[in-house]
Amino acid sequence: MNYWLMKSEPDVYSIHHLAAEADQTDYWDGIRNYQVRNFIRDDIRVGDRAFFYHSQCKVPGIVGTMRIVREAYPDHTAFDETEKYFDPKSDPDNPRWLMFDVQLDAIFPNIVSLAELRQHEQLAEMRVVQKGNRLSITPVTEEQWNYIQFLSAGN
DNA sequence: GCCAACGTTGGC
DNA sequence: GCCAACGTTGGC
């Protein structure tokens, strides 16, 4: 089983949006970066766990956890001209972009902010705290996962 | 709103 | 295949 960190802009889609969905389950769409596409294709599997991270907002940070409930299938939003992430180069017969489904696991009682993540030496290797990191999905180690769970409990 | 970092595009 | 130009991300 793998662990991940997934970014979303709360103004566009926050953890509360996910919480309001039927079965608290939704698809994770709009990935248009090849490194991340390859994570989806090769590594993200049913049963994996993921942090939900709010980016591009006043207090960026980890706001909760999710489970992957369906793995890699074509991102249909790439085929729809009216979609923000429409990509005319993605052929429905050979889809370039993939999505997957997530189910909400828990909303943290308090955000574990990026500023807080940066204060812990144990998390220094996380991609999200490193300068210039722009990947919207990044791997997390089991140790990092467990440590952040500990922080989220208010430690 | 600024700007650094990085990915992608396209001319050559 | 190189690399300049451009677009996007995302913290601050």
Side-chain angles (χ1 to χ4, degrees), chain A residues 2-21 26-44 48-66 68 71-102 104-141 143-145 147-152 154-155:
Chain A
N2 292 312
Y3 299 95
W4 306 93
L5 180 143
M6 303 186 178
K7 298 179 189 172
S8 184
E9 298 175 33
D11 289 347
V12 177
Y13 194 92
S14 76
I15 198 167
H16 302 291
H17 289 100
L18 180 58
E21 297 291 343
D26 206 354
Y27 55 78
W28 199 272
D29 69 336
I31 300 299
R32 299 293 181 268
N33 170 285
Y34 290 103
Q35 282 186 66
V36 177
R37 190 277 310 270
N38 294 348
F39 283 145
I40 298 171
R41 186 188 60 197
D42 302 334
D43 299 316
I44 295 179
D48 283 2
R49 310 285 299 277
F51 288 126
F52 197 124
Y53 179 93
H54 283 174
S55 65
Q56 307 253 56
C57 54
K58 206 167 180 182
V59 183
I62 297 170
V63 291
T65 58
M66 304 177 278
I68 283 50
E71 60 198 47
Y73 61 102
D75 184 341
H76 59 77
T77 68
F79 310 137
D80 182 349
E81 278 184 59
T82 67
E83 288 280 350
K84 182 184 175 196
Y85 293 108
F86 171 62
D87 181 356
K89 287 176 280 192
S90 186
D91 175 0
D93 292 327
N94 185 22
R96 178 177 296 203
W97 305 115
L98 301 170
M99 58 165 68
F100 53 94
D101 292 354
V102 294
L104 181 66
D105 182 34
I107 297 179
F108 289 164
N110 298 106
I111 185 171
V112 180
S113 69
L114 178 60
E116 186 176 0
L117 296 175
R118 290 194 202 282
Q119 287 169 9
H120 296 270
E121 203 178 316
Q122 294 90 334
L123 304 176
E125 298 299 314
M126 285 188 81
R127 302 286 286 272
V128 77
V129 305
Q130 289 165 14
K131 198 175 177 180
N133 161 64
R134 301 187 318 157
L135 295 182
S136 62
I137 299 180
T138 49
V140 170
T141 68
E143 290 74 20
Q144 291 161 351
W145 177 272
Y147 191 76
I148 291 165
Q149 295 281 359
F150 164 78
L151 291 181
S152 75
N155 297 287

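Below, chains carry the letters A, B, ... as their sequence lines are ordered, and counting in each starts from 1.
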Quiz item: If you count the non-hydrogen atoms of other residues, nucleotides and ligands that lie under 6.0 Å from CD in A:Gln122, is the total more than 12?
Solution: yes
Quiz prompt | Those residues that, when tested against A:Arg49, pass salt bridge (charged side-chain N to carboxylate O under 4.0 Å, His left out) (two or more places apart) | solution = A:Asp105
Polar-atom pairs under 3.5 Å, protein N or O versus N or O of nucleotides 7-12 of chain C: list them with distances, or write none.
{"unit_1": "C:dT8", "atom_1": "O2", "unit_2": "A:Arg134", "atom_2": "NH1", "d": "2.3"}
{"unit_1": "C:dG10", "atom_1": "OP1", "unit_2": "A:Lys7", "atom_2": "NZ", "d": "2.8"}
{"unit_1": "C:dG10", "atom_1": "OP1", "unit_2": "A:Arg134", "atom_2": "O", "d": "3.1"}
{"unit_1": "C:dG10", "atom_1": "N9", "unit_2": "A:Gln56", "atom_2": "OE1", "d": "3.3"}
{"unit_1": "C:dG10", "atom_1": "N7", "unit_2": "A:Gln56", "atom_2": "OE1", "d": "2.9"}
{"unit_1": "C:dG11", "atom_1": "OP1", "unit_2": "A:Tyr53", "atom_2": "OH", "d": "2.7"}
{"unit_1": "C:dG11", "atom_1": "OP2", "unit_2": "A:Gln56", "atom_2": "N", "d": "3.1"}

Quiz prompt | Presence of salt bridge, A:Asp75 and A:Arg32, under 4.0 angstrom | solution = yes
Practice problem: If the plane angle is over 60° it's perpendicular, under 30° parallel, otherwise tilted; pick one for A:Tyr13 and A:Trp28. | Solution: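 Perpendicular, since the angle between the ring planes exceeds 60°.
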Exercise. Check the angle between the aromatic planes of A:His120 and A:Tyr147 and answer parallel, tilted or perpendicular using the 30° and 60° thresholds.
Key: perpendicular
